[in-house]
2 protein chains.
Amino acid sequence: MAGQKIQRQTGVALWRQIADRIRTSINHGDFDETGMVPPETVLALQFGVNRHTIRSALAALAQEGIVRAVQGRGTLIERKERLSFPISRRTRFSQGIGDQVRETRSVLLASGEEAASTELAKQLKVRTGTPLIRLETLGQADHRPVSRATSWFPADRFGDIAEVYRTTGSITKAFKELGVPDYVRVVTEITATHADESDLADLQLSPGAIVLVAQALNADLDNVPVQYSISRFAADRVRFTIEN
Amino acid sequence: MAGQKIQRQTGVALWRQIADRIRTSINHGDFDETGMVPPETVLALQFGVNRHTIRSALAALAQEGIVRAVQGRGTLIERKERLSFPISRRTRFSQGIGDQVRETRSVLLASGEEAASTELAKQLKVRTGTPLIRLETLGQADHRPVSRATSWFPADRFGDIAEVYRTTGSITKAFKELGVPDYVRVVTEITATHADESDLADLQLSPGAIVLVAQALNADLDNVPVQYSISRFAADRVRFTIEN
DNA sequence: TCTAAATGTCTATTGATATAGACAACCATA
DNA sequence: TATGGTTGTCTATATCAATAGACATTTAGA
């Protein structure tokens, strides 16, 4: 770890930069031998800052539930995880990470109907203004939120998808009930940005965190678009894997 | 734009949060009609902050060369770009974005030989300690840095790759000269993190910026690993596209 | 049971961040 | 050329971020 110095006067507080770095180190397994973060005085020396600054960083990580400080002993690592999320022609949320966690769940946050914008119409290959069903969903792994997605479906084929999804908790199953036995990922676009307010709330992130944004188009086996979605993943909890 | 409020007391200064948001809006094309950012007083109202805070944000964007303030007129948008970088079985740097820019270039920053770590050995399917060639390269598009990569090659097959790369400026061409007529992408892993000091320097980023990290394995047509690389992209300049 | 090592708490000080207000300088245009 | 709208600059004040030092409290182990 350490090695690189942290930057001052950048608009990002030192304690936050250090918190991000320590979180990365934990996820990387740097402290697996002891199961503890190095002592505050050692970290202060490594990062070249005051011990109080380190304490602010560790307090932020404790707030996230990643570490837990015990007086007299040290700062214990409570949780480390970065789920590997495969992206392929057969990308599905629960299948992809199913073997990495005990339980995956998908929750419907909201749903509604709206007319296709120019951008959405282009993606789904329908006319602008075509009625679409919009689903807002939250993907969880072991009761921790991992991703939050907005999906659009052509309303003529999938008018009842919100209902079906609510009962099944799975897009794949909902598609099956609505006459789409199988579907494939056509294209995925990946970007990264800072988390906005909604991300913080839904994904239980700490402010300043990073989200990976995946915009994806799924089509049925006749290559007709059935779903366009924008998913936002907590960047410190996931990794995308593309196998070719 | 706007809509979402910004967060206070998060360790990330308001001016930086606002700068990031305005940069995103510019890249999204929100101000294309006028070619200008809204007046400072309007932005201050929208974000619910003092005008001076907006000025700090715009000053940061001006420092990046994204906007240019003109007294009496307004703040002009100088540059907006986000390159689309395709990831497929045949992923290559210059080919992928070649049609989006006038010129792509790849520069050799450094090279050396090192013994394979456990992790590298696993990826390249060689024994730990096997000699590897390491190349540090910088990818440019229209003279602006886009990515910075560290690549490892088995030294027995590619001992001279640094020399060949220096003259050709292309991994693909270097492989060809060294007896690998073609190669394919086996797997790509994508994560996102805050830019470190080296990123800032090499990619000309502003502190606190985000980098997309792609770890990739390439193999020859006999499926023998030939290259493992870790590339870091300026997140506000690129987008990954996975076509299935 | 003593001691070393670790986290917890407190005070004080400095610099960066953010707000507030006022006014100057400049530009486009009526 | 007068005016409204815009960026540029200055002063003042309050809060957050970071440093510095001292000492208390807890734990594990000699």
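All values below were derived from every heavy atom in this structure, side-chain atoms included, with hydrogens, water molecules and symmetry-related copies excluded. Keep in mind it's a predicted model, so treat the numbers as computed, not measured. Order of the sequence lines fixes the chain letters, A, B, ..., with proteins taken first and strands second; residue numbering starts at 1 for each chain.
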A:R16 CZ to C:dT17 C1', in whole Å, measures 16 Å

Worksheet item: When all nucleic acid strands are considered with a 4.0 Å heavy-atom cut-off, which category describes A:T75: base, sugar-phosphate, or nothing?
Response: sugar-phosphate

Rounded to whole Å, the CD-C1' distance (B:Q71 to C:dC23) equals 12 Å

Per atom distances to the A:W15 side chain, the nearest of C:dG8, D:dA18, D:dT7 is D:dA18

>> So, under a plain 3.5 Å distance rule, would you say the side chain of A:H52 forms a donor-acceptor pair with the base of C:dG8?
In response: no

*asked:* Counting C-beta onward and ignoring hydrogens, is there a side-chain heavy-atom pair between B:L43 and B:I18 closer than 4.5 Å?
replied: no

A:I18 CD1 to D:dA17 P, in whole Å, measures 13 Å

When rounded to whole Å, the CE to C1' distance for the pair A:M36 and C:dT7 reads 10 Å

Result for 5'-nearest mapping on DNA chain C, choosing between B:V70 and A:G72, is A:G72

Per side-chain contact (heavy atoms from CB on, under 4.5 Å), B:R68 is matched among B:L76, B:L61, B:L58 by B:L76

note: A:Q17, atom CD; D:dC16, atom P; distance rounded to Å ~ 20 Å

In whole angstroms, the gap separating P of D:dA17 from CD1 of A:I54 amounts to 16 Å

Whole-Å distance, A:R55 CZ to D:dT19 P, equals 14 Å

Check your understanding: Taking only N and O in the side chain of A:R73, is any of them less than 4.0 Å away from OP1 or OP2 of D:dT26?
Key -> no

Practice task
Find out whether B:R148 and B:S198 are in side-chain contact, i.e. whether some heavy atom of one side chain is under 4.5 Å from a heavy atom of the other.
Solution key: yes

query = Phosphate oxygens OP1/OP2 of C:dT19: is one of them under 4.0 Å from a side-chain N or O of B:R51?
reply = no

Query raised in the report: Does any non-hydrogen side-chain atom of A:E114 lie less than 4.5 Å from one of A:W152?
Result: yes

Between D:dA17 and A:S56, is there an OP1 or OP2 to side-chain N/O distance shorter than 4.0 Å?
-> no

Of C:dA6, D:dA18, C:dG8, the nucleotide closest to the side chain of A:P39 is C:dA6

Here the distance between atom C1' of C:dT11 and atom CG of A:N50, to the nearest Å, is 14 Å

- Task: Could you check A:F233 against A:F240 for ring-ring contact (aromatic ring centres under 6.0 Å, His included), going step by step and ending with a plain yes or no?
- Result: CA-CA 10 Å; A:F233 296 77; A:F240 292 142; 5.0 Å; yes

